[in-house]
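Since we're looking at a predicted model, the values are computed, not measured.
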Amino acid sequence: MTSHCKLSFAHPPARPGQTPDFSSVEIPEAGLLPVLPLDVTAADCVEHANSLIRVMDENGEAVGPWTDFLSRFDVDTLRAGLRDMMISRTIDMRMMNAQRQGKMSFYIQGVGEEAIACGFQRCLKPGDMNFPTYRQQGLLIAGGYPLEMLLGQFYSNAFDPLQGRQLPTLHSARDYGYFTVSGNLGTQYVHAVGWAMANALTQQENISIGWIGDGSTASNDFHTALLSASSYSPPVILNVVNNQWAISTYTGVAKGRGRTYAARALGYGIPAIRVDGNDYLAVLAVSEWATQRVRAGHGPVLIEWYTYRVGAHSSSDDPSAYRPRDEGKAWPFGDPVERLKKHLIHIGEWSEQRHVQAEAEVLSQVVEVQKRVEAAGTMIDPKPIPGATIFKGVYADMPEHIRRQRQELGV
């Protein structure tokens with residue numbers, strides 16, 4: 001008797017040496033999907049979880065009903081958003097070079113994904129808390145985090161606010177709504193839900209935001225977070241950044257036979273939508289809608305940001321070993337920086353000349369900060385941190401009543 005048992009494997013659209021192929025990617029027309037009511041249920045999100053919200057058309061014009069959520073963002077905010085993305089990209093370039101020079105252990109860049117974090121941050125309020133994963137440093141840049149501290153952690157020197165207690169790129173900035181990044185990917189999703197639950201129990205008004213990559217949705221933490229969010233309906237936004245590749249694994253492995261990551265949330269009864277993550281205007285509009293929904297008490301929502309990881313997974317990775325070298329250039333949704341630039345030019349608020357000037361200004365700013373940070377030493381030759389302070393800030397202070405009890409017991 002012949003056995004019909006078999007295995008199937010998810011294959012990427014192209015391998016090294018082949019021509020990039022995104023012919024299977026569906027590209028909905030910009031402006032087609034309607035705006036959902038803030039109190040929408042999962043049952044009414046099927047189309048939005050399986051299609052794609054887009055705002056900018058091919059000419060750079062903002063079209064469709066989601067533009068209503070852009071009304072509070074003036075042109076200065078859009079120009080600031082463009083600068084945020086340019087700063088992020090310039091830092092990526094400079095830090096990758098510094099890593100290659102042996103000045104830091106490793107680096108994780110976010111080229112091609114800048115619009116998501118930089119745009120989302122514009123919709124948050126002081127006290128809101130992000131639980132990020134890799135490639136969300138745009139949240140800090142757009143949130144006004146000092147670049148000296150950002151770069152200082154890469155170098156693990158005197159400018160590092162964590163004093164070398166965390167790996168480079170795994171930032172922690174409580175005052176800027178940026179919870180410590182964990183190398184155990186996926187865990188922050190559960191933390192985001194738990195923080196939101198605690199916030200609701202203590203009647204705080206801030207919201208929680210979880211971030212996870214497409215590859216990490218294969219972890220148990222992803223499903224645990226969705227189940228808890230569904231059961232308790234806390235004020236949390238759950239983001240999935242689908243950039244097509246995990247460390248070296250095509251997104252189809254984590255996705256399985258499901259159509260989208262957003263659609264997974266519907267099975268838990270959580271409303272979910274899918275967004276063109278390279279469209280800065282779509283990011284702003286949907287982030288504004290989502291934050292309004294959650295602040296109004298309508299419960300959690302999941303957003304799948306559809307984008308592409310242009311660079312390597314990290315400085316330890318060589319993507320040419322598993323995908324075509326020029327695949328990023330073939331990504332059909334373009335470059336987020338170029339698209340926002342095109343929109344601003346289209347509405348008469350930018351020009352090619354101003355863009356060149358802005359690039360030079362951003363480069364000068366980043367180089368100046370980098371020089372000051374490097375002057376404090378690098379991982380190869382750092383200015384030492386006093387050994388007596390190595391455990392400071394690692395453990396919580398002992399509560400006073402426990403301290404008294406220990407003294408009474410003589411321990």
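Remark: the backbone N or O of Ser51 is paired with a side-chain donor or acceptor of Arg274 at under 3.5 angstrom. Although no hydrogens or angles enter the test, the distance criterion places a donor-acceptor pair under 3.5 Å between the side chain of Arg339 and the main chain of Phe333. Judged by distance alone, the side chain of Thr249 and the main-chain N or O of Ala246 form no donor-acceptor pair under 3.5 Å. Checked by atom type and distance alone, the side chain of Ser230 never pairs as donor or acceptor with a backbone atom of Leu226 at under 3.5 Å. Side-chain atoms of Arg293 come within 3.5 Å of backbone atoms of Leu38 as a donor-acceptor pair (strictly under, hydrogens ignored). Side-chain atoms of His343 come within 3.5 Å of backbone N or O of Gly60 as a donor-acceptor pair. In this structure a side-chain-to-backbone donor-acceptor pair under 3.5 Å is missing from Trp195 to Ile207. Using a distance-only test at 3.5 Å, with no hydrogens or angles considered, a donor-acceptor pair links the side chain of Gln18 to the main chain of Arg15. Side-chain atoms of Asn199 come within 3.5 Å of backbone N or O of Asn206 as a donor-acceptor pair. Checked by atom type and distance alone, the side chain of Asn59 never pairs as donor or acceptor with a backbone atom of Glu61 at under 3.5 Å.
In summary, Asp128 and Arg295 engage in a salt bridge, as defined by a charged side-chain N under 4.0 Å from a carboxylate O. A salt bridge between Glu374 and Lys103 is present, with a side-chain N of the basic residue lying under 4.0 Å from a carboxylate O of the acidic one. Note on Arg89 versus Glu114: salt bridge recorded, some NZ/NE/NH1/NH2 to OD/OE distance being below 4.0 Å. Under 4.0 Å is where a charged nitrogen must lie from a carboxylate oxygen, and between Glu368 and Lys371 no such pair does. For the pair Glu148 and Arg372, the salt-bridge criterion is met [side-chain N within less than 4.0 Å of a carboxylate O]. Classification of Asp84 and Arg79 as a salt-bridged pair fails, no side-chain N sitting under 4.0 Å from a carboxylate O.
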For Lys329 and Asp326: C-alpha separation, side-chain torsions, deciding distance, then whether salt bridge (charged side-chain N to carboxylate O under 4.0 Å, His left out) applies. CA-CA 6 Å; Lys329 295 180 181 179; Asp326 54 351; over 6 Å; no
Could you please spell out the steps behind the side chain to side chain donor-acceptor pair (under 3.5 Å) verdict for Tyr261 and Thr251? CA-CA 10 Å; Tyr261 293 97; Thr251 187; 2.6 Å; yes
Just do the salt bridge (charged side-chain N to carboxylate O under 4.0 Å, His left out) check on Glu338 and Lys342 with the steps written out, would you? CA-CA 6 Å; Glu338 291 299 315; Lys342 187 174 183 177; over 6 Å; no
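The distance between the ring centers of Trp331 and Tyr306 falls below 6.0 angstrom. Remark: aromatic rings of Phe154 and His171 are close, center separation under 6.0 Å. The six-membered or imidazole ring of Tyr178 lies away from that of Trp211, with a centre-to-centre distance of 6.0 Å or more.
The heavy-atom pair separating Asp21 from Ala14 by the smallest distance is N-CB, 4.2 Å. Nearest heavy atom pair, residue Ala173 against residue Tyr145, reads CB-CE1, 3.6 Å. The heavy-atom pair separating Ser208 from Phe131 by the smallest distance is OG-CE1, 3.5 Å. Across all non-hydrogen atoms, the minimal contact from Phe106 to Ser316 is CB-OG, 4.5 Å. Taking each heavy atom of Ala285 and Leu70 in turn, the nearest pair found is N-CD2, 3.7 Å. The heavy-atom pair separating Ile116 from Gly277 by the smallest distance is CG1-O, 3.4 Å.
Screening Ile108, Val111, Asn97 for a side-chain contact (heavy atoms from CB on, under 4.5 Å) involving Asp92 leaves a single residue, Val111. When each of Asn278, Asp279, Asn243 is tested with Thr307 by the rule side chain to side chain donor-acceptor pair (under 3.5 Å), just one qualifies, namely Asn278.
The local environment of CD in Glu349 is crowded, with over 12 non-hydrogen atoms from other residues, nucleotides or ligands closer than 6.0 Å. For Asn220, the CG atom sits in a loose shell: 12 or fewer heavy atoms of surrounding residues, nucleotides or ligands are nearer than 6.0 Å. In this structure, Arg174 places its CZ atom where only 12 or fewer heavy-atom neighbours from other residues, nucleotides or ligands lie under 6.0 Å away. Open room surrounds CD on Glu26; 12 or fewer heavy atoms of other groups in view lie less than 6.0 Å from it. For Ile247, the CD1 atom counts as loosely surrounded, since its 6.0 Å shell holds 12 or fewer non-hydrogen atoms of other residues, nucleotides or ligands. Shown here is Arg354, whose CZ atom has more than 12 heavy atoms of other residues, nucleotides or ligands within 6.0 Å. The environment of CZ in Phe73 is crowded: more than 12 heavy-atom neighbours from other residues, nucleotides or ligands sit within 6.0 Å.
Side-chain contact check for Leu52 versus Val275: every heavy-atom pair is 4.5 Å or farther apart. Contact check for Pro300 versus Tyr232: no side-chain heavy atoms found under the 4.5 Å cut-off. Residues Ser287 and Arg122 form no side-chain contact, since every pair of their non-hydrogen atoms from C-beta on lies 4.5 Å or further apart. The side-chain heavy atoms of Thr180 and Gln166, taken from C-beta on, include a pair separated by under 4.5 Å. Counting heavy atoms from C-beta on, the side chains of Ile303 and Trp305 come closer than 4.5 Å. The side-chain heavy atoms of Trp245 and Asp214, taken from C-beta on, include no pair separated by under 4.5 Å. Inter-residue side-chain proximity for Ile91 and Leu150 is flagged as met; some heavy-atom pair is nearer than 4.5 Å. Side-chain contact between Ser182 and Leu170: absent, with no pair of heavy atoms (C-beta onward) separated by less than 4.5 Å.
Of the N and O atoms on the side chains of Gln370 and Tyr155, at least one donor lies less than 3.5 Å from an acceptor on the other residue. Between the side chains of Tyr308 and Glu327, at least one donor N or O lies within less than 3.5 Å of an accepting N or O. Looking at Arg83 and Ser88, their side chains never bring a donor and an acceptor atom within 3.5 Å of each other. Between Glu361 and Gln365, the side chains place no donor N or O within less than 3.5 Å of an acceptor N or O (distance only, hydrogens not considered). Using modelled atom types, one finds a donor on one side chain and an acceptor on the other under 3.5 Å when comparing Tyr322 with Asp317. For the 3.5 Å distance criterion, the side chains of Asp221 and Ser219 fail to qualify, holding no donor opposite an acceptor. Inspection of the Gln153 and Asp160 side chains reveals no N or O donor paired with an N or O acceptor under 3.5 Å. For the residue pair Tyr268 and His223, a side-chain donor N or O sits within less than 3.5 Å of a side-chain acceptor on the partner.
Distance check: Arg259 CZ to Arg264 CZ gives 14.5 Å after rounding to the nearest 0.5 Å. For the atom pair Arg406 CZ and Ile402 CD1, the distance stands at 9.0 Å (nearest 0.5 Å).
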